[in-house]
Amino acid sequence: MQVKELERVARQIRLRDLQAVYDAGAGHIGGEMSAIDILTALYFRVLKIYPSEPKRPDRDRFILSKGHTACALYVTLAKRGFISEEEISTFLQPHSRLNGHPNCNKVPGVETNTGPLGHGLPVAVGVAKAGKLTGAGYHTYVMTGDGEMQEGSNWEAIMAASQFNLDNLTLIVDHNRFQQGAALADTNNVAPLRPKLEAFGWEVSEINGNEMAQIVPALEHRSTRPHCIVAHTNKGHGISFMQDRVDWHHKVPNKEQYEQAVAELSEAL
């Protein structure tokens, strides 16, 4: 897909994600809206994947380390054909396989269970190292939140990736500047991220993570070292009253807010 079509698909995913969170009465909508442009570029342009063969050995791997934004991943997987779009209506319902955090034993296209923050990148380092050891040609991508980068396990993984020269690994940091309860700057401010990653031997790109024309080339870039994309995004992107508001980390719109958000996203379509 080209940039304009990717932008259209991202808006459709935002709209369906909004509806799913509203219907379920729960979800992490702010961080989902910030990440959807990147998820769209990955699944509809960049990743070498096979929806009818989700475990095909030569597939690229994507790990959503910020697993609390699972609904955005489910909607993306459904639109890409891994699961039915009708199943999205079961999100968080009793006996549904679409839980609040992704489960690789239940949902096709999910590479590993995530939710406890600081786990996804270490797993991705292992997956990328396995690819090196076996001579496999797949590429591994992992997305973390910026608040999640406060976890020490991530920095151990960053050191290991550099030591093993994992040029088949791309880390995407969804740098929306807010975590649960507060701004990143008011908790344990890991920004600026670029010099820290570069000090560990990584190549680093900084982009507008809600601008498809910048996302696509950054994801398609290949380095001779591990590559980190610091994606500057907006919490609640695409919905005016949610944008850059910490209270929308884990909050559900009421009827009036839902209708306003639907109108805004629909107008963008």
Item to check | Geometric cation-pi criterion, Arg59 with Tyr50: 6.0 Å, 45° | outcome: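 No, Arg59 and Tyr50 do not form such a contact.
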Checklist entry - Would Lys129 count as a cation-pi partner of Phe164, with NZ or CZ less than 6.0 Å from the six-membered ring centre and within 45° of the ring normal? => result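 Flagged: Lys129 positioned over aromatic ring of Phe164.
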Does the ring center of [X] lie less than 6.0 Å from the ring center of [Y]?
X	Y	value
Tyr22	Tyr258	yes
Trp248	Phe178	no
His68	His250	no

Could you grab the distance from atom [atom1] of [X] to atom [atom2] of [Y], nearest 0.5 Å is fine?
X	Y	atom1	atom2	value
Asp17	Leu73	CG	CG	10.5 Å
Ile215	Ser205	CD1	OG	13.0 Å
Leu265	Gln12	CG	CD	11.5 Å
Glu111	Leu64	CD	CG	12.0 Å
Leu42	Tyr141	CG	OH	7.0 Å
Asn105	Asn113	CG	CG	5.5 Å

Write down the atom of [X], the atom of [Y], and the distance for their closest heavy-atom approach.
X	Y	value
Ile158	Trp202	O-NE1, 3.0 Å
Arg14	Met33	NH2-O, 2.7 Å
His175	Asp146	ND1-OD2, 2.8 Å
Glu198	Val204	CG-CG2, 3.7 Å
Ile207	Ala218	CG2-CB, 3.9 Å
Lys66	Ala35	NZ-CB, 4.2 Å

With distance as the sole criterion, is a donor-acceptor pair present between the side chains of [X] and [Y] under 3.5 Å?
X	Y	result
Thr170	His139	yes
Gln243	Lys235	no
Gln150	Gln179	yes
Asn210	Thr233	no
Glu256	Gln260	no
His221	Glu203	yes

Item to check | Stepwise side-chain contact (heavy atoms from CB on, under 4.5 Å) check, Glu148 with Asn154 | outcome: CA-CA 8 Å; Glu148 182 180 2; Asn154 281 325; 3.8 Å; yes
When clusters are formed by joining ILVMFWY residues with side-chain heavy atoms under 4.5 Å apart, either directly or through shared neighbours, do [X] and [Y] land in the same one?
X	Y	result
Leu6	Met143	yes
Val110	Phe91	yes
Ile49	Ile13	yes
Ile229	Phe44	yes
Leu39	Val173	no

Within the distance-only criterion (no hydrogens, no angle test), does the side chain of [X] pair as donor or acceptor with the backbone N or O of [Y] below 3.5 angstrom?
X	Y	answer
Tyr74	Val107	no
Arg80	Tyr43	yes
Ser34	Gly31	yes
Asp60	Tyr138	no
Lys132	Ala128	no

Item to check | Ile83 and Pro108, any side-chain heavy atoms less than 4.5 Å apart | outcome: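 A side-chain contact exists here, since the closest heavy-atom pair is under 4.5 Å.
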Heavy atoms from other residues, nucleotides or ligands near [atom1] of [X] exceed 12 (cutoff 6.0 Å):
X	atom1	answer
Gln180	CD	no
Arg97	CZ	yes
Gln93	CD	yes
Lys4	NZ	no

Item to check | Derivation of the side-chain contact (heavy atoms from CB on, under 4.5 Å) call for Arg16 and Ser89 | outcome: CA-CA 10 Å; Arg16 186 65 187 92; Ser89 63; 4.1 Å; yes
Checklist entry - Knowing that exactly one of Val125, Leu166, Thr144 qualifies, which makes a side-chain contact (heavy atoms from CB on, under 4.5 Å) with Leu171? => result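 Checked Val125, Leu166, Thr144 against Leu171; only one passes side-chain contact (heavy atoms from CB on, under 4.5 Å): Thr144.
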Item to check | Test salt bridge (charged side-chain N to carboxylate O under 4.0 Å, His left out) applied to Arg45 and Glu220, step by step | outcome: CA-CA 9 Å; Arg45 167 73 181 247; Glu220 291 182 336; 2.8 Å; yes
Next on the checklist: Does the plane of the ring in His28 sit parallel, tilted or perpendicular to the ring in His249? Use 30° and 60° as the thresholds.
Outcome noted: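 His28 vs His249 ring planes: perpendicular.
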